[in-house]
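Counting from 1, the numbers follow the sequence of the chain as shown. Predicted model only: the values in this text are computed from it and were never measured.
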Amino acid sequence: MHGINASARFYLSTLFLAGLLLFGFAFSAQADMGQHRTADGKLKVLYHIDGNDVAVAKYAMALVKKHIEAEGGIDKIDIKVIVHGPALLLFDRDDVDPELKAKLKSVMDMGVEPEMCQVSMKLFGKPLERLVAGFIPTKHPVAVKRIADLQEQGYLYIKP
């Protein structure tokens, strides 16, 4: 670099630093992408349902099904469906909308195990036995804690 003038040295140094920054950014972005996958490469996705609008719940089930299909099957995606709050009432086994029940069964048949908030079940006085078959209790009694834990583990958050 002895034969290169100061402005050329500055330019080359700047290009070199920019290259290092781009490399670092690309490496960081690639590392972030890895946190959204399981060790065996499945995409980790969380669907959150908490409202009392049956149309939104049906839409959410349709999205879950389409997402599984788009990824190439349940063996390519790790989907968690967390239901809590007023949405619990939509899944009462005696009052459930038939179309919602069919859409829920469809995603469960694909391998999804929807989780129902334990606290919501207590608040609404509806244990699992009173809900559409197939729900499991949330891994943590409080659904929002479960959701936060999943996000911390790299699950992508989707709220229809």
**Student:** CD1/I147 to OH/Y157 distance, rounded to the nearest 0.5 angstrom?
**Tutor:** 6.0 Å
**Student:** Say whether V81 and V96 are linked into one hydrophobic cluster, either directly or through other cluster members, by side-chain heavy-atom distances under 4.5 angstrom.
**Tutor:** yes
**Student:** Should Y47 and I79 count as side-chain neighbours, where that means a heavy-atom distance under 4.5 Å?
**Tutor:** yes
**Student:** For L43, give me all partners under side chain to side chain contact (heavy atoms under 4.5 Å, CB included), at least two apart in sequence or on another chain.
**Tutor:**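 For L43 the side chain to side chain contact (heavy atoms under 4.5 Å, CB included) partners, ignoring immediate neighbours, are H36, R37, V45, H67, E71, I77, L156.
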**Student:** So how far is it from L88 CG to M116 CE, rounded to the nearest 0.5 Å?
**Tutor:** 4.5 Å
**Student:** Checking M108 now: which residues fulfil side chain to side chain contact (heavy atoms under 4.5 Å, CB included) with it, not counting sequence neighbours?
**Tutor:**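 Partners of M108 under the side chain to side chain contact (heavy atoms under 4.5 Å, CB included) test: L104, P114.
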**Student:** Test H48 against every option in K159, H84, K80 by the side-chain hydrogen bond (donor to acceptor under 3.5 Å, both in side chains) rule and name the one that passes.
**Tutor:** H84
**Student:** Could you measure the distance from the NZ atom of K139 to the CG atom of D149? Nearest 0.5 Å is fine.
**Tutor:** 12.5 Å
**Student:** What's the separation between atom SG in C117 and atom NZ in K122, rounded to the nearest 0.5 Å?
**Tutor:**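 It comes to 9.5 Å.
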**Student:** Are any of the side-chain heavy atoms of V112 and V64 separated by less than 4.5 Å?
**Tutor:** yes
**Student:** Establish whether V119 and L150 are linked, either directly or via other cluster members, by ILVMFWY side-chain heavy-atom contacts under 4.5 Å.
**Tutor:**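 No, V119 does not connect to L150 through the hydrophobic network.
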**Student:** Give me the atom names and distance for the closest heavy-atom approach of K42 to D78.
**Tutor:**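 What the structure gives for the nearest pair is CB-N, 4.0 Å.
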**Student:** Is a donor on one side and an acceptor on the other found under 3.5 Å between the side chain of R93 and the backbone of E129?
**Tutor:**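 Checking the backbone N and O of E129 against the side chain of R93, a donor-acceptor pair under 3.5 Å is found.
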**Student:** Do F91 and L128 sit in the same hydrophobic cluster, where Ile, Leu, Val, Met, Phe, Trp and Tyr count as joined when their side-chain heavy atoms come under 4.5 Å apart?
**Tutor:**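 The answer is yes; both residues are in one hydrophobic cluster.
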**Student:** Within a strict 4.5 Å, meaning less than it, do heavy atoms of the D50 and V83 side chains meet?
**Tutor:**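 They are not in side-chain contact.
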**Student:** Above 12 or not: heavy atoms from other molecules or residues under 6.0 Å from NZ of K65?
**Tutor:** no
**Student:** Rounded to the nearest 0.5 Å, what separation is found between the CG atom of L46 and the OH atom of Y155?
**Tutor:** 9.0 Å
**Student:** Is it the case that atom CD in E69 sees more than 12 heavy atoms from other parts of the structure closer than 6.0 Å?
**Tutor:**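 Enclosed: over 12 neighbouring heavy atoms sit under 6.0 Å from CD of E69.
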**Student:** How would you list, by chain and number, every residue that makes a side chain to side chain contact (heavy atoms under 4.5 Å, CB included) with Y59, sequence neighbours excluded?
**Tutor:**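 Expected list: L63, P160.
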**Student:** When you group the ILVMFWY residues by side-chain heavy-atom contacts below 4.5 Å and let the links chain together, are L100 and M110 in the same group?
**Tutor:** yes
**Student:** Once you round to the nearest 0.5 Å, how far does NZ of K103 lie from CG of D97?
**Tutor:** 10.0 Å
**Student:** Can a donor-acceptor pair be found, under 3.5 Å and without considering hydrogens, that links the side chain of E115 to the backbone of I136?
**Tutor:**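 No: the side chain of E115 does not pair with the backbone of I136.
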**Student:** Any side-chain heavy atom of P137 within less than 4.5 Å of one from M121?
**Tutor:**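 In contact.
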**Student:** When you look at V142 and Q118, which way does the side chain to side chain contact (heavy atoms under 4.5 Å, CB included) test go after all the steps?
**Tutor:** CA-CA 6 Å; V142 179; Q118 296 179 47; over 6 Å; no
**Student:** Begin with the C-alpha distance, continue with both residues' side-chain angles, and end with the deciding distance and a verdict on salt bridge (charged side-chain N to carboxylate O under 4.0 Å, His left out) for D94 and R130.
**Tutor:** CA-CA 8 Å; D94 297 330; R130 296 271 306 135; 2.9 Å; yes
**Student:** Look at the side chain of K44 and the backbone N and O of T38, then say whether any donor-acceptor pair between them is shorter than 3.5 Å.
**Tutor:** no
**Student:** Does K101 have more than 12 heavy atoms from other residues, nucleotides or ligands lying within 6.0 Å of its NZ?
**Tutor:**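 No, because the 6.0 Å sphere around NZ of K101 holds 12 heavy atoms or fewer from other groups.
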**Student:** With side chains defined as the heavy atoms from C-beta onward, is the minimum distance between I49 and I82 less than 4.5 Å?
**Tutor:** no
